[in-house]
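In what follows, chains are A, B, ... by sequence order, proteins preceding strands, each numbered from 1.
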Amino acid sequence: MALTQARTMPGVLELLPLDQIAFQRMLDTIRRNYERFGFVPVETPVIEYSSVLLTKTGGETERQVYFVESTGALGKHAESVPELALRFDLTVPLARYVAEHERELSFPFRRYQMQRVYRGERAQRGRFREFYQCDIDVIGKDALSIRYDAELPAVIYSVFRELAIGPFTIQLNNRRLLRGYFESLGIADGEQQMLVLREVDKLDKRGAEYVRETLTGDAFGLSAEVADRILAFVQVRSTSLADALAKLDALGAGPEALEQGRDELKEVLRLIHDFGVPETHFALNFSIARGLDYYTGTVYETTLNEHPQIGSVCSGGRYENLAGQYTKSHLPGVGISIGLTRLYWQLREAGLIGTARSTVDVLVTQMDATKLPAYLALAGELRAAGIATEVVLEEGKLGKQFKYADRAGIRFAVVVGDDELAKHVVTVKDLRRGDQFEVPRAELVKTLRVEIEQAAVMG
RNA sequence: GUGGGCGUAGCUCAGCUGGUAGAGUCCCGGAUUGUGAUUCCGGUUGUCGUGGGUUCGAAUCCCGCCGCCCACCCCA
């Protein structure tokens, strides 16, 4: 019989258990910090009505949406769009969720959501078709204080500090300020401002020359002088809080949007510091523009200082009205998202994270099949003490059992044979260090707890 | 959606100018019936992506198709 090739489609990430454990530890850390800051969990269905997801009718998003058809509906609408689709982010479902449950929710509504989303793009290195987003958003009713714009970086600081993947910088900008500045240069049209923003956003990736050429080219037709001023402007970065405030003040007077954006940014920067984020970990970056659709004010991007090639590991911003497509209520919000699948993948590629130790702490080996009741009793005792324990249930050579433990990433093996029974002791072997010792049977739990604790700290 | 590159063992690849398919690794067994990872010995692993063409003969040369990768677009 011809075998079917066992394979997954490109653009999905599937992990072996020890890697999955490492991934899950990251999810746990993010969740713990989100909850610590008072965000509440929400999950929404993977499948939504197409009509709900596609309200923005952004040509780009529509091209990336996976549609879903039930068997019965297959082929029934050759021309029209299928009724159902997979979500491509968590923000649009959030908008629908808030609009649908508006009267049952408390505002400001602070939710976190960590689920998979789907994008039908051509697979590429570090790009996924199925990936985790870990979002937090704060949604206000009618109005939402700018202070929440400063809270999110505080959460992100807390998350990334605990993830312990090296120094990082949360970079901030303000879309209103950018638009005000463009206006002062005579680029008043909203559409064109968007297009310029999109080019400017490429600065770090493609370089100043590339952006200058595009801006002065036929598509934009800007004068060399204006292009140069834009380039000089977007290269502004701050080195400290005082420096950031000084650079903002140095912008001087200008269109209303510019002054408003500047005031917002100043307040946000000051508050981030008050939230306890060290000024080494946040900075102004006038080239940050972000997603082109809904952001209106503050925008964020977080990068790892020692790995700039990884790019942004977390981004988000302020939006004026989240759910305008679904409700007449005015619901402004601010949100930020960690693309965990990509982050994990990049960190692994860069050698910054390895495999985790197993979730199994101890393997009770089977020295002698007739003593199985003793092994099961021993395992029960360990489990009651909160130690994750596996018992070998099949007969086999001890060497094979150790090999199994080693490959499975289980660090400690417990051996009980005639020698141990006679002496009322248990042999504990540390597979990682390669040594072993005997402990009195009665002290096993206490000893293993200490060993496991140490292993967790020392790695 | 647009442009470029590559398809040989589970994995990484060699095999180039045509002459019956190879290495490392992995896996399995043994050396070692109370000790893994290290060492030594032995063993398994292939429609050479696929269909056609040229040829006495094709993994190798030519064409179609499929798949994958990279870049653009866009984004986490």
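- Below the 3.5 angstrom threshold, one finds no donor paired with an acceptor across the side chain of A:Gln64 and the base of B:G1.
- Of the candidates B:G36, B:C75, B:G34, the closest approach to any side-chain atom of A:Arg342 belongs to B:C75.
- Side-chain N or O atoms of A:Ser312 include none that pairs as donor or acceptor with a backbone N or O of A:Thr303 at under 3.5 Å.
- When distances are taken from the side chain of A:Pro10 to each of B:C68, B:C75, B:G34, the shortest belongs to B:C68.
- Between B:C74 and A:Arg119, no contact under 4.0 Å exists linking OP1 or OP2 to a side-chain N or O.
- The distance between the ring centers of A:Phe23 and A:Tyr132 falls below 6.0 angstrom.
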- For nucleotides 25-30 of chain B, read 5' to 3', which letter fits each nucleotide if B means a protein heavy atom sits under 4.0 Å from the base, S means only the sugar-phosphate is that close, and - means neither? --SSSS

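- Look at A:Phe402 and the base of B:A37; the rings do not stack under the cut-offs of 5.5 Å between centres and 30° between planes.
- Residues A:Phe286 and A:Arg237 come closest through the heavy atom pair N-NH1, 4.1 Å.
- Listed nucleotides: B:U35, B:A76, B:C73. Nearest to the side chain of A:Phe128: B:A76.
- Under the 30°/60° scheme for interplanar angles, the aromatic rings of A:Phe39 and A:Tyr34 are found to be tilted.
- In secondary-structure terms, RNA chain B builds stems of at least 3 consecutive Watson-Crick or G-U pairs, each pair having both distances under 3.5 Å, at B:1-7 with B:66-72, B:10-13 with B:22-25, B:27-31 with B:39-43, B:49-53 with B:61-65.
- For B:U35, the base has a donor-acceptor partner in the side chain of A:Gln436 [N/O atoms by modelled type, under 3.5 angstrom].
- With a 4.5 Å cut-off on side-chain heavy atoms, A:Leu431 and A:Phe412 do not count as touching.
- Both A:Gly399 and A:Leu343 lie close to RNA chain B; mapped to their nearest nucleotides by heavy-atom distance, the more 5′-ward contact belongs to A:Gly399.
- Between the side chain of A:Arg449 and the main chain of A:Ala385, a donor-acceptor pair closer than 3.5 Å is present.
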